[in-house]
Amino acid sequence: MTIHNLYIFDKFGCLLYYAEWNRLKSSGITREEEAKLMYGMLFSLKSFVSKISPLDTKKGFVCYKTNKYALHYLETPTGLKFVLNTDVNAQNVRDLLHQIYSKVYVEYVVKNPVVNLRDPIKSELFKVKLDGMIKQFPAVSKAS
Amino acid sequence: MSRQGTRLDAKKVNSELFTLTYGALVSQLMKDYDNADDVNKQLERMGYNIGIRLIEDYLARTGTGRCYDFRDTAEKIQAGFRLYLGISPVITNWSSAGDEFSLQFETNPLTEFVELPDNCLGLKYMNVLTGVLRGACEMVQMDVTSWFVQDQLKGDNVTELRVKFIKRLEDAIPAGED
């Protein structure tokens, strides 16, 4: 499976982190505009999904799929938003998103007392750990 | 680069070191500020800063979702005490409107060696907890306040922390959206 790129937003919609691994086509707009567009879409989609839902939803919007890629979305109760684009066949991406949150973000950002949680993430350690987790993921999904 | 080798085993930090560290912190604050109210305020602020980070760790560990109601919140707060301090306060004294409850502590590892001298009766030794609760709840869109109504350090049978729900905070809306 292929992982294309990752966005992390804080609860105010600021892009905290962006990374890409196999992105073959760029959107043709700046990173900031792209992030704004992405956040706006997520926000609207989320409110649309809960408005239109025939049942009482708790988790709400979790992913959408096109014929080329799938977008996976995890929002924590604290309002952090993790967005991961993968190929359409990727499995267990929700687990991966939760792992990124609990094993990388919480460990290397939240537990670092000198980091302001509202600033974009600059930590090299965070980047390395995230990379490691993404790169070992296909092996994990094959095993399970 | 890797910190794996130097990571401490979270389960093996000496609890007395933790207790004494907190004690040293409070007594230093007592030296730095003349009056107990100011110390209480500082403890609350420190707690707040702890709370806004601790909640992320709590959510990551427990994988818990949003609360259905305030009773649900009370249980999750209780679970938090179990997770971080190894104690299970009793949830009791619900207000009739269901927006206020008490947490009663029989024991507390942080006050194990503490005896308050007569000159600091105004001190709320555990006031850091009120800040932790405020910070943690604020991050999950809840405005709560809490205060101590009974304190074992002041001769009461139990320590009782009263928690009150004030309001739900709304999610941030991106610029240009309604």
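The chains referred to below are lettered A, B, ... by the order of the sequence lines, with proteins before strands, and numbering in each begins at 1. Since the model is a prediction, treat every value here as computed from it, not as a measurement.
Once rounded to the nearest 0.5 Å, the distance linking NE2 of A:H98 with CG of B:L59 reads 8.0 Å. Taking CE from B:M139 and OG1 from A:T76, the interatomic distance works out to 8.0 Å, rounded to the nearest 0.5 Å.
In this structure, B:R53 contributes its side chain and A:N112 its backbone to a donor-acceptor pair below 3.5 Å.
One hydrophobic cluster holds both A:Y64 and A:F48 under the rule that ILVMFWY side chains link at heavy-atom gaps under 4.5 Å. One hydrophobic cluster, built from ILVMFWY side chains closer than 4.5 Å, holds both B:Y84 and A:V110. In the hydrophobic clustering of this structure, B:L83 groups with B:I77; members are Ile, Leu, Val, Met, Phe, Trp, Tyr whose side-chain heavy atoms approach within less than 4.5 Å, directly or through other members. Linking ILVMFWY residues whenever their side-chain heavy atoms come closer than 4.5 Å, directly or via other members, places B:I55 and B:F81 in the same cluster.
Under 3.5 Å, the side chains of B:E56 and A:Y101 contain a donor-acceptor pair of N or O atoms.
In terms of heavy-atom proximity, B:A60 sits nearest to A:S102 at CB-CB, 3.3 Å. In plain terms, the two heavy atoms of B:I52 and A:L117 that are nearest each other are O-CD1, 4.4 Å.
With a 6.0 Å radius and a threshold of 12 heavy atoms from other residues, nucleotides or ligands, B:R45 has its CZ atom at or below the threshold.
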